[in-house]
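Worksheet: the structure to be examined is printed underneath.
We count ligands from 1, going down the list as the structure has it; atoms in each ligand are counted the same way.
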Amino acid sequence: MQKYRPKNSQGRNPFFVLMLVAIAGAALMLFAKPDLNLFPPKPERISITELIEHYKADELKNIIVKDNTVDAESFDGAQYRSIKEPGTTIVDLGLNDPLKRARVEIIDTSATEFWTNLFVGAIPLLLLIVLLIFLFRKAGSAGGGEGGPFGFGKSKARVYDGKKHTTKFIDVAGAQEAKDEVVEVVDFLKNPKKYEKMGAKIPKGILLVGPPGTGKTLLARAIAGEAGVPFFNVSGSEFVEMFVGVGASRVRDLFKTAKRNAPCLVFIDEIDAIGKKRGNGSGGGHDEREQTLNQILTEMDGFEPGTNVIVLAATNRPDVLDQALLRPGRFDRRVHIDLPDMEAREQILAVHAKNKKFDATIDFKSVASKTVGFSGADIENVLNEAAIASVKTRSASISQKHLDEAVEKVSMGPERRSRKISEKEKQIIAHHEVGHAIAGHFTENCEPMHKISVISRGNALGVTWFLPEEDTYLKSEQKMKDEMVSLQGGRMAERLIFGQTTTGASNDLERISRIARAMIMTYGMGGKTLGPVVFAEMNRSRGIFELTEKEFSEDTAREIDREVQSLVEEAESLCEEILKKHEKELRLIATDLIKKETMTREEFLAYFE
Ligand code: ADP
């Protein structure tokens, strides 16, 4: 990888510059004061009256008056210095007697004063300039090292040489449809003439849509790798700067460089950082983004036939993009990359396993089945964590145990065994987790419980891990209700056993409310009063569901609240019923769990056989 930056952008050591300034200053002083004697003999300090007396006695050979200092040299070589009152002249002091032999000289200091003042005045200014240059350089290098104060408008694109970089389609596991969609782009970049001859237009812009970590950047790199063309990689957020116009100038610079290197591929990651719907901001806060976006549009519109630059952009929020970006001739083609399914996960594991050493226990199929909802990046992370764990345990190779632990670490955070938890709290946590497991087990549609643990992980004090047996794309109303029942399990178990609930259930309640609100407001699963009307939009961004409410009346809001509440209460009473019925098992399993710390599905099921 190489970075485009001016050669001289590395800042020189500021202290070196300061030293230079100091030396120059000293030289200037010497130049300005040629009479400056660095080591003059020390004159004897006497009062002005004494000096006048020496004068009157005609013992003095020379007198030099410089400002208020009167220096004198006697015929016998003695040196005197005294200070006169400011403003008094030699006439006032009586040093103008023509009968005396002393030669009186008055030195005009105004010229040297000018230079001294200039120099003294210039030092702070010089220091300020040096400091500013230093700060600008720092800011420049922090933002990607783009040539100091004057490099703001330069594009920060990272460039990969197409002939040298080796990412190919084979490195992108799964995502077959996405690869199929882009093969013609590769062919076009390889043989643009073939398409030009037929008058075929190849899309200028392709939008890669998918959750983070699903391999959008990887796919873009693979396209460039397959075609053997340079690849310019820049993130949308890198265009956005403090100053209006900088982003636009960076876009210009990027496209200029790209055109010079055509055929090539420009990849803009996180295009939503600049491509959000325009015109909804008040005040001038959106100016910079709008200008940047406009510049991208202008550049893309300005591609002449034969400009073999293809722009790829990635986003996980196509819904927020400005319509202008999606018009024909711009990013008019979309390629979706979804989270990998079971088969794709196994393939991704195989791709990233290439440079690692595994023992015979390894079973990628089982890892793939335990990683539902993981992105490609998460899976890569699992393998890396497993490799680190194998080094830590000084194993010769990575085992299945390492992999299983890595899956848990990536999905739930690292274990925090150092956290000291009291016996009483351990009891509450164990009953809480077993409550989830039992409530989930006795509903029809909950995912199977995979593991329960009372070891703290990340922010959680205990974990009950439900794992789907296969990838599913739809959720039924009943499944959502059952999930709420199992989520209620924790706090209902606390209440049943200890007579009250704790703050440990706050996250459960949040999730329950979110499910209930989504059912009522988005999926039309409400009661008769509201009916199948959508009151909120569901966005799946950054892996979690977000509800964006639409406008509705206060009456509707009240009705929504009522229905949400009734769903939550329904789940609560169902859960209570289940736990009361299985209180004996709840107590037994919780006691066992405290001893064991973790419990597998099989161990749990044994209690109900
Ligand atoms: P995105 O751009 O979608 O956020 P990236 O392309 O940056 O995701 O993916 C991050 C990393 O995850 C990649 O560098 C790659 O190692 C791994 N990865 C993601 N998807 C895949 C895949 N389909 N095949 C192989 N590796 C993948």
Min N/O separation [X] to ligand 1 under 3.5 Å:
| X | result |
| --- | --- |
| V351 | no |
| D269 | no |
| A173 | yes |

* Side chains of D359 and S399: is there a donor and an acceptor less than 3.5 Å apart? ->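 Looking only at side-chain atoms, S399 and D359 do not form any donor-acceptor pair under 3.5 Å.
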
* Asked: Does a donor on one side chain sit under 3.5 Å from an acceptor on the other, for T393 and H402?
  ->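 The answer is yes; a qualifying pair exists.
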
* Do NZ/NE/NH1/NH2 and the carboxylate oxygens of K401 and E405 come within less than 4.0 Å? ->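 A salt bridge links K401 with E405.
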
* Is E299 salt-bridged to K259, going by a charged N under 4.0 Å from an acidic O? ->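 Counted as a salt bridge, because a side-chain N and a carboxylate O are separated by less than 4.0 Å.
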
Proximity flag [X] to ligand 1, non-hydrogen atoms under 4.0 Å:
| X | answer |
| --- | --- |
| P212 | yes |
| H352 | yes |
| G213 | yes |

Atoms in ligand 1 with a heavy atom of [X] nearer than 4.0 Å:
| X | result |
| --- | --- |
| G215 | 1 (P), 3 (O), 5 (P), 6 (O), 8 (O), 9 (O), 19 (C), 20 (N) |
| E380 | 11 (C), 12 (O), 13 (C), 15 (C), 16 (O), 17 (C) |
| D171 | 24 (N), 25 (C) |

* To do: Check the angle between the aromatic planes of F231 and F267 and answer parallel, tilted or perpendicular using the 30° and 60° thresholds.
  =>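 It falls in the parallel class, under 30°.
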
* **Polar side-chain atom of K216 near backbone of G210 as donor-acceptor pair, under 3.5 Å** =>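 Yes, K216 side chain to G210 backbone: donor-acceptor pair under 3.5 Å.
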
Please set out all donor-acceptor pairs under 3.5 angstrom arising from side-chain atoms of residues 372-383, sequence neighbours excluded.
| unit_1 | atom_1 | unit_2 | atom_2 | d |
| --- | --- | --- | --- | --- |
| S375 | OG | A377 | N | 3.4 |
| S375 | OG | D378 | N | 3.2 |
| S375 | OG | D378 | OD2 | 3.3 |
| D378 | OD2 | S375 | N | 3.0 |

* Indicate, with yes or no, if the rings of H436 and F466 have centres closer together than 6.0 Å. =>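 Ring-ring flag for H436/F466: false, centres at least 6.0 Å apart.
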
* For ligand 1, note which part of I337 has a heavy atom under 4.0 Å away: side chain, backbone, both or neither. =>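 Neither; no heavy atom under 4.0 Å.
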
* Structural part of T217 in contact with ligand 1, heavy atom criterion under 4.0 angstrom ->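 The part of T217 near ligand 1 is both the backbone and the side chain.
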
